[in-house]
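The structure appears below as structure tokens.
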Amino acid sequence: MTHWISYSEPSGSRIAKTLQAQGEDAFAYPVTRIQRLPLPRPMPETCPDFIIALSQHAVAAYLTDYAQPSHQGAQVIAIGQSTAQGLLDAGGFRVEIPDEANSEGLLALPALQQLQKHQSVWLLTGEGGRDLVAQVLKNQCQLSRYDLYRRESSMPTALSGRDLQSIWVGSIHALQQISAGAQELGIGPGTVLVVPSQRVADHAK
């Protein structure tokens, strides 16, 4: 079976290598490029009460360009393990991960359920995408949103004659890109979609 891994990097290559190690024919070609966005001003030196990280791309941008020694010890809530890993590797952060790796699971955590108006929260995220976390928390605390990247389209022009049986899709944005280009790429209706969540599955249906 030939698998197209359409996740952005580094996730795409990581999944492809895992499948290849199991004897599968897999290749990674992201349908979105990650473009980092500069902030209009540096982040405050004062450590916030909470940092919420919604993607590994936001974490990578924060650690590379904006993290300061004074932020060490911050309580971080990461939406999933891959998002948390960069912070864990960097050290100095207390990281919590919800049982369900989505916005709803994150918002159900007691720490966020009990937020007070005076508490400061930084939201590390990307431009566009779901705004559920920001919408829910904006009136519950002192919320600062940092859009650290945007997704840009990067569809292949051909699939090199591969007999494609499955496409691994990591987000609704990627699903929309693939759907729009399916006919041009010769993707048939029998191709299996492998998705990471019920939300993406519902959108695909």
Close side-chain approach of Arg36 and Asp65, heavy atoms under 4.5 Å: yes
Shared hydrophobic cluster, Leu137 / Ile79 (ILVMFWY, side-chain heavy atoms < 4.5 Å): yes
Within 6.0 Å of CD in Glu45, more than 12 heavy atoms from elsewhere: no
Note, Val169 side chain near Gln177 side chain (heavy atom, < 4.5 Å): no
Step-by-step side chain to side chain contact (heavy atoms under 4.5 Å, CB included) determination, Leu124 to Val76: CA-CA 10 Å; Leu124 309 184; Val76 181; over 6 Å; no
Pairwise distance CH2(Trp4) to CD1(Ile187) - rounded to 0.5 angstrom: 5.0 Å
Heavy atoms from other residues, nucleotides or ligands near CD of Glu184 exceed 12 (cutoff 6.0 Å): no
Asn102 side, atom CG; Leu107 side, atom CG - distance, nearest 0.5 Å: 9.0 Å
Joint cluster assignment, Val31 & Leu164, ILVMFWY side-chain distance < 4.5 Å: yes
Connected hydrophobic set around Leu37, excluding itself, where side chains approach under 4.5 Å: none
Derivation of the side chain to side chain contact (heavy atoms under 4.5 Å, CB included) call for Lys138 and Arg145: CA-CA 9 Å; Lys138 66 180 181 180; Arg145 173 173 178 154; over 6 Å; no
Side-chain donor/acceptor of Gln85 to backbone N/O of Asp89, under 3.5 Å: no
Residues, nucleotides or ligands: over 12 heavy atoms within 6.0 Å of Asp99 CG: no
Sole candidate of Val136, Val121, Ile52 that passes side chain to side chain contact (heavy atoms under 4.5 Å, CB included) when paired with Leu143: Val121
Shared hydrophobic cluster, Leu132 / Leu109 (ILVMFWY, side-chain heavy atoms < 4.5 Å): yes
Pairwise distance OH(Tyr7) to OG(Ser13) - rounded to 0.5 angstrom: 13.5 Å
Donor-acceptor pair, side chain of Gln165 and main chain of Thr191, under 3.5 angstrom: no
Linked, directly or transitively: Val95 and Leu148 (ILVMFWY side chains, under 4.5 Å): yes
hydrophobic_cluster_shared for Val59 and Leu106, side chain cutoff 4.5 Å: no
Main-chain N/O of Ala60 paired with Thr64 side-chain donor or acceptor, under 3.5 Å: yes
Within-4.5 Å side-chain heavy-atom neighbours: Phe93 and Gln72: yes
Rounded distance (nearest 0.5 Å) linking atom CD1 of Ile167 with atom CG of Leu185: 8.0 Å
CD on Gln20 to CD1 on Ile5, rounded to 0.5 Å: 9.0 Å
Check: Ser6 side chain, Trp168 main-chain N or O, donor-acceptor pair, under 3.5 Å: yes
Considering all heavy atoms, the nearest Tyr66-Leu39 contact: OH-N, 3.0 Å
Option from His57, Arg33, Gln56 for which side-chain hydrogen bond (donor to acceptor under 3.5 Å, both in side chains) with Ser8 holds: His57
Side chain to side chain contact (heavy atoms under 4.5 Å, CB included) between Asp49 and Gln116, worked out: CA-CA 10 Å; Asp49 292 303; Gln116 303 295 314; over 6 Å; no
Polar side-chain atom of Gln75 near backbone of Arg94 as donor-acceptor pair, under 3.5 Å: yes
Flag, side chain of Gln119 to backbone of Cys141, donor-acceptor distance under 3.5 Å: no
Side chain to side chain contact (heavy atoms under 4.5 Å, CB included) between Leu123 and Leu54, intermediate numbers included: CA-CA 8 Å; Leu123 187 63; Leu54 294 185; 3.7 Å; yes
Over 12 non-hydrogen atoms of neighbours within 6.0 angstrom of CD in Glu152: yes
Flag side-chain contact, heavy atom, 4.5 Å: His203 against Gln176: yes
Heavy-atom neighbours of Glu100 CD exceed 12 at 6.0 Å: no
Shortest non-hydrogen contact between Ser166 and Val194, atoms and distance: CB-CG2, 4.4 Å
Contact summary for Leu63 and Gly86, nearest pair of heavy atoms: CD1-O, 3.5 Å
Aromatic ring pairing Trp122/Tyr146, orientation class (parallel under 30°, perpendicular over 60°, tilted between): perpendicular
Atom pair CD/NZ of Gln142 and Lys117 - distance to nearest 0.5 Å: 10.0 Å
Taking every non-hydrogen atom, the tightest pair across Pro44 and Gln68: O-NE2, 3.8 Å
Taking every non-hydrogen atom, the tightest pair across Cys47 and Ser70: CB-O, 3.4 Å
